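Just below is one structure, and these are the notes that go with it.
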Amino acid sequence: MVPAGIGATDTHCPYCALQCGMTLTQQDGAWSVSARDFPTNKGGLCRKGWTAAALLSAPGRLTTPLLRDHRGAPLRPASWDEALNRVAAGIAAIQQKHGRNAFAVFGGGGLTNEKAYLLGKFARVALRTANIDYNGRFCMAAAAAAGQKAFGIDRGLPFPLEDIPGAEVILMPGGNPAETMPPIMQYFEAQRARGGKLIVADPRRTPTARAADLHLQLSPGTDAALANGLLHVIMRDKLIDTVFIATRTTGFESVRRACKSYWPDRVERITGVPAANIEAAAHMLGEAATAMVLTARGAEQQSHGTDNVLAYINVLLAIGRAGKMHCGYGCLTGQGNGQGGREHGQKADQLPGYRKLADPAARAHVAGVWGVAPEDLPAPGLSACETFNAFGETVRGMMVMASNILVSSPDADVLSGGLGRLDLLVVADMFLSETAARADVVLPVAQWAEEDGTMTNLEGRVIRRRRALPPPAGVRTDVEILAELAARLGCTSQFATAPEEVFAELRRASSGGDADYAGITYARIDAQDGIFWPCPDAAHAGTKRLFLTRFATPDGRARFHPIEYRGAAEQPDHDFPYMLTTGRLLAHYQTGAQTHRVPELEEAVPEAFAEIHPDTARGLGVAQGDHLCLTTRRGSITLPARITRDIRLDTVFVPFHWGGLHNANLLTKAALDPVAKIPEFKACAVHIARAPARRPQGSVADIHPHAAEDVAISSEVS
Ligand code: SF4
């Protein structure tokens, strides 16, 4: 039963990085959502946003801590005191025996800025562990690394969405916003209404690719070759901007040499994109007065994701279409606070304000705000998958906040085994996710509309998420949990629990950093529909557009980087002859921990599927609705076939919103990009066969021995 209403509340959607403005209203005990005319969504919402109110009364909500008396015992309800004492004692025991870094922390790109900041502080000050990372490592990390290398700073979009319609040509590698964030399509529709052109590079003819003027249907994992091929044509046909290259960049000559051998017919052989289309795209870009490149996960979630993004940036720099109005490179950030989450200390090498943990001046500044000695701050730690690989060895315990790693991480079966080797797994979540079901202690937390905080959307606009109702009895907020645990661990540093107080501390910690929030206040956000960082002081209006006069490198010039195409870590061969790629659907979000609990969304797409081309299906003797057994070197899953001409002959697509036996990540490979450490979700070799008969629906219990009991307990306690 939803508590008595406290009126209509203007807030933002609980899901993706567009952070659409919405109003939550309660009437007769029922909550409903209406769209707000916020600058990003301009009155639009997608299906997930419209149905978000259902989360407030979703079944399975956790309202009491759960713990196991010993490994192998079922989860049982516990008091907060007992649960927090158990966590604190477990952490202390692990750290005493194995060292401080033996306890790791894992955060999420859905956490508010306040929580992300406090989680980083908790790890570095209360736990003094080096090992904190978050699920943004799985999403925008390659784009972030490339942005840093090329421009000296990473902000998803260095311009507001309102600039998109002014771009004559937009190249979008690996993005499908028509499904992942539909309201953003109004900007691309406005661009095309003004005569602009959209080019989409994607192995699938997605709804976005269908709306494009040109679809480059490349083979998964071949982005760098495609980008180099585009630049080869641009150079060959003298479409480069020599003045821009000379005055605002460095390093072009090495890129010129690197791209010389990427003749269109060679690139066609690598990518499968017809040479004529490569030529056409290069000319569309090179002849446009204004152009943008907007990458998304398709190009980024690869073992050479950083290279891919840098290769696309090279194209843009060569034609001189960056650092100018209606021009530039941007990343279409996916997770709700994927941007803010990577700015304030959840990443293994990072301190608030996008400061580097390895930088002595950064350590001194943040240590001063936290009231500790700089030398007491740990060194940079392990990235996400590196942490998982250390389970049972150098890492003996972990606390997970706002993440469902058992579904979202690559090579899920190996991770499942790794979780079993931990001495202590603590999960803070709203629901008993697949990962929470494996925990030794589960801490029930408040959700989106039950607490205040700020988010930073894909534009770098800091916005306010407002509390519309109190959390259910028995539930605490993440910041309250961190403060309680810090105190129990004997930490003498202050951990504020009021979101605005935490934000005030974050502002001080970020002051002077790249992502400078010092001048942003809750009141200013309210008055201005959000404020773009950097905003160094109260008199500063915020920075809508970066790089218009100089890039954020020491000499103000953007950097070219020569890139050689290397391909996916795993190539098709005799035994595994197809490529697997994974992605999102309109009706679901991430691991589905929330959207599977919204009846309308679950009815829309109740189960996973495998998308294959009709000719591939014919060769396998598969008809629509038959089941396919997909096997990689890591695992096997069986899914109904969805046969469509929208996918390449050599590729199969599986959405990643399901756990258990339908978990796409039982198949994926944890090959990491050497710079960003992002795993290769988008390309691995797979064998496809017609399954003999429909297998039962998978559940978490199918691969995790304790899950069945845990799910039973979950329904008892919720
Ligand atoms: S999921 Fe994204 S696009 Fe859809 S309503 Fe929410 S913020 Fe907007």
Side-chain angles (χ1 to χ4, degrees), residues 14-17 62 87 103-113 115-120 122-123 129 131-141 297 301 333-342 344-348 381-388 391 395 397-412 415-416 418-419 422 424-448 455 477-479 481-482 584 588-596 656-659 663 665 668 670 677-679 681 700 704:
Y15 302 114
C16 86
L62 296 175
V87 174
F103 195 82
V105 174
F106 198 88
L111 291 173
T112 61
N113 290 320
K115 296 182 194 178
Y117 165 79
L118 220 56
L119 192 61
F122 175 77
T129 178
N131 292 324
I132 171 170
D133 214 51
Y134 82 125
N135 64 16
R137 183 71 69 179
F138 299 158
C139 296
M140 288 69 60
R297 304 306 82 70
Q301 288 176 323
T333 298
Q335 292 194 70
N337 199 27
Q339 180 70 50
R342 66 184 190 258
H344 297 298
Q346 282 190 95
K347 267 173 114 172
L382 299 171
S383 68
C385 287
E386 292 169 330
T387 305
F388 303 160
F391 281 174
V395 174
M398 185 162 78
M399 184 169 80
V400 180
M401 208 163 244
S403 198
N404 187 10
I405 55 174
L406 209 40
V407 182
S408 63
S409 308
D411 207 349
L415 174 59
S416 176
L419 289 178
L422 290 178
L424 176 66
L425 176 64
V426 183
V427 175
D429 210 322
M430 302 169 278
F431 303 109
L432 199 75
S433 69
E434 286 83 348
T435 311
R438 291 291 302 278
D440 299 293
V441 183
V442 181
L443 304 173
V445 293
Q447 65 169 317
W448 134 83
M455 307 282 279
T477 67
D478 295 285
V479 290
I481 290 169
L482 293 174
R584 282 175 52 189
H588 289 290
Y589 182 69
Q590 305 299 65
T591 68
Q594 292 160 288
T595 52
H596 288 312
F656 56 55
H657 304 297
W658 283 266
N663 184 352
N665 282 318
T668 54
K677 306 289 172 71
I678 189 171
F681 292 108
V700 65
H704 308 308

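Side chains included, hydrogens not; waters and symmetry mates left out as well; all remaining heavy atoms used. Please read all numbers here as calculations on a predicted model, not as lab measurements.
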Quick one: closest heavy-atom pair of [X] and [Y], and the distance?
X: V407; Y: W658; value: CG1-O, 3.4 Å
X: V87; Y: L424; value: O-CD2, 3.9 Å
X: N663; Y: A412; value: ND2-CB, 3.5 Å
X: G345; Y: I132; value: O-CD1, 3.9 Å
X: A123; Y: V105; value: CB-CG2, 4.2 Å
X: V442; Y: A436; value: CG2-O, 3.4 Å

Main-chain N/O of [Y] paired with [X] side-chain donor or acceptor, under 3.5 Å:
X: H344; Y: G120; result: no
X: D133; Y: A348; result: yes
X: S408; Y: T591; result: no

Between F106 and the options N135, T387, N131, the side-chain contact (heavy atoms from CB on, under 4.5 Å) test singles out N135
Do [X] and [Y] have side-chain heavy atoms sitting under 4.5 Å apart?
X: L119; Y: Y134; value: no
X: R137; Y: C385; value: no
X: Q590; Y: Y15; value: no
X: M430; Y: L62; value: no

So CG of D440 and CG of L422: to nearest 0.5 Å the spacing works out to 8.0 Å
Could you give the distance from CE (M401) to CG (L482), rounded to the nearest 0.5 Å? 4.0 Å
Residues that D478 engages under salt bridge (Lys or Arg N to Asp or Glu O under 4.0 Å), provided they are two or more places apart: K115
What pairs with K677 under salt bridge (Lys or Arg N to Asp or Glu O under 4.0 Å), at least two apart in sequence or on another chain? E386
Would you call the rings of F138 and F681 parallel, tilted or perpendicular, taking 30° and 60° as the class edges? perpendicular
For C16, all residues meeting side-chain contact (heavy atoms from CB on, under 4.5 Å), sequence neighbours excluded: L18, M181, R584, Y589
Residue pair L419, I405: steps toward the side chain to side chain contact (heavy atoms under 4.5 Å, CB included) verdict: CA-CA 10 Å; L419 289 178; I405 55 174; 4.2 Å; yes
Pair H588-Q594, side chain to side chain contact (heavy atoms under 4.5 Å, CB included): steps then yes or no: CA-CA 8 Å; H588 289 290; Q594 292 160 288; over 6 Å; no
Set out, in order, the CA-CA distance, both residues' side-chain angles and the distance that settles side chain to side chain contact (heavy atoms under 4.5 Å, CB included) for S416 and L406, then state yes or no. CA-CA 7 Å; S416 176; L406 209 40; 3.9 Å; yes
